[in-house]
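The structure appears below as structure tokens.
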Amino acid sequence: MQLIQETPDLSAYLVADEAVDHHHPLVRETAAKLARGAANSYEYARVAFEFVRDTIAHSQDSGDLRVTWRASDVLEQRTGICYAKAHALAALLRAEDIPTALCYQKLDVVHGLVAVRFNSAWHRQDPRGNKPGVDARFSLDGERLAFTPDPASGETDCPVLYAAPHPAVLDALKSADDRPHLWETLPTAL
């Protein structure tokens, strides 16, 4: 699949916004701690990915009813669904000047991912969190995502790389009182 930048301006994929708030002190502090042990930007990206994947619970898996959407809140509360975890990873990567896009898959509902730019190419990553049957890994040598869309079921990979969260995703997250309410309003298309 050919990934398509929403905007040709690569600097747009380094910007902070209300969800990817990488200027927030907690995001900066977390990024600095993770960067201390990384020898280069590739290693930092892998460490940040594993940190989000493994230390921030996917709220559906853990049973947490809270809905987070802002990267700093995800890091503080240590919970979020795929979109929120993608916002947190994007913020940590952008905090260290790694261009990062938000991207999506259309499964039963829309699923959130990120794409990082290394070696003049975009590489999609899925920080959703592993569980039985899900084994997402950081990779620049071929995708290791949590899910593979089934075209026969109408599932697809969305090729657009967004600089900011898609409005339908952000609206669903911001308007949900709790995770059960969010599950009723998750976007099914973009």
Side-chain angles (χ1 to χ4, degrees), residues 1-24 27-28 31 34-35 38 40-53 69-72 74-75 80-107 109-128 136-151 154-174 186-190:
M1 173 183 61
Q2 179 71 30
L3 297 173
I4 304 163
Q5 286 181 212
E6 175 187 34
T7 175
D9 182 3
L10 198 56
S11 69
Y13 298 95
L14 292 168
V15 172
D17 60 35
E18 67 175 334
V20 183
D21 59 340
H22 66 78
H23 294 311
H24 188 280
V27 176
R28 302 301 296 180
L34 295 173
N40 54 48
S41 60
Y42 302 103
E43 188 175 330
Y44 172 79
R46 181 189 54 76
V47 167
F49 168 85
E50 290 172 355
F51 174 81
V52 172
R53 182 194 67 190
W69 58 272
R70 185 178 289 119
S72 56
V74 174
L75 294 175
I81 67 165
C82 60
Y83 312 128
K85 292 182 71 160
H87 299 167
L89 180 56
L92 290 172
L93 295 172
R94 289 179 182 186
E96 292 295 314
D97 295 321
I98 298 170
T100 307
L102 297 159
C103 48
Y104 304 94
Q105 293 176 315
K106 164 56 177 91
L107 306 172
V109 294
V110 174
H111 175 62
L113 318 162
V114 302
V116 295
R117 185 147 176 105
F118 282 113
N119 299 326
S120 301
W122 289 100
H123 307 272
R124 293 189 311 163
Q125 312 295 328
D126 190 344
R128 179 224 180 271
R137 297 182 184 262
F138 184 82
S139 176
L140 301 179
D141 299 319
E143 295 184 336
R144 297 288 308 267
L145 306 178
F147 306 108
T148 301
D150 176 15
E155 297 178 346
T156 61
D157 281 310
C158 303
V160 177
L161 300 172
Y162 294 92
H166 192 282
V169 167
L170 206 50
D171 289 347
L173 289 169
K174 290 170 74 172
L186 287 174
T188 57
L190 297 177

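Side-chain contact between Asp141 and Ser139: present, with at least one pair of heavy atoms (C-beta onward) separated by less than 4.5 Å. Between Trp69 and Val74 the shortest side-chain heavy-atom distance does not fall below 4.5 Å. A 4.5 Å side-chain heavy-atom check between Tyr42 and Asn119 finds at least one atom pair inside the cut-off. Taking the side chain as every heavy atom from C-beta outward, Val15 and Val20 never approach each other to under 4.5 Å. At least one side-chain heavy atom of Met1 sits under 4.5 Å from a side-chain heavy atom of Arg124. Val27 is not listed as a side-chain neighbour of Arg94, based on a closest heavy-atom distance of 4.5 Å or more. Looking only at side-chain heavy atoms (C-beta outward), Val116 and Leu93 come within less than 4.5 Å of each other. In this structure, His166 and Leu102 have side chains that are not in contact, with every pair of non-hydrogen atoms separated by 4.5 Å or more.
The aromatic rings of Phe147 and His111 sit perpendicular to each other, their planes meeting at more than 60°, with 30° as the lower class boundary.
For Ala91 against His22, the heavy-atom pair with the smallest separation is O-CB, 3.2 Å. Nearest approach of Tyr104 to Gly112, heavy atoms of both residues: CD2-CA, 3.8 Å. Val169 and Tyr83 make their closest contact through CG1-CG, 3.4 Å (heavy atoms, listed as atom of the first residue, atom of the second, distance). Considering every non-hydrogen atom in both Glu155 and Thr148, the closest pair reads OE1-O, 4.1 Å. Minimum heavy-atom separation, Lys106 to Gly154: CG-O, 4.2 Å. Between Leu92 and Ala48, the shortest heavy-atom contact is CB-CB, 4.4 Å.
To the nearest 0.5 Å, atoms CG (Leu140) and CZ (Arg46) are separated by 10.5 Å. In this structure, Leu89 CG and Glu50 CD are separated by 11.0 Å, a value rounded to the nearest 0.5 Å. Taking CG of Leu34 as the reference point, atom CZ of Phe51 lies at 5.5 Å (rounded to 0.5 Å). Rounding to the nearest 0.5 Å gives a distance of 5.0 Å between CG of Leu173 and CD1 of Ile81. Rounded to the nearest 0.5 angstrom, Asp126 CG and Arg144 CZ are separated by 12.0 Å. To the nearest 0.5 angstrom, Gln105 atom CD is 5.0 Å from Asp157 atom CG.
With hydrogens and angles ignored, the 3.5 Å screen pairs a side-chain donor or acceptor of Lys85 with a backbone N or O of Pro127.
Listed by first then second residue, pairs satisfying side-chain hydrogen bond (donor to acceptor under 3.5 Å, both in side chains) with a partner in residues 6-21 read Asp9-Ser11, Glu18-Lys174, Asp21-Ser72, not counting sequence neighbours.
No option in Leu113, Val114, Leu3 other than Leu113 meets the side chain to side chain contact (heavy atoms under 4.5 Å, CB included) test with Cys103.
Here the two rings, on His123 and Phe118, have centers that are 6.0 Å apart or farther.
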(request) Carefully, step by step, assess Arg117 and Ile98 under the rule side-chain contact (heavy atoms from CB on, under 4.5 Å). (result) CA-CA 7 Å; Arg117 185 147 176 105; Ile98 298 170; over 6 Å; no
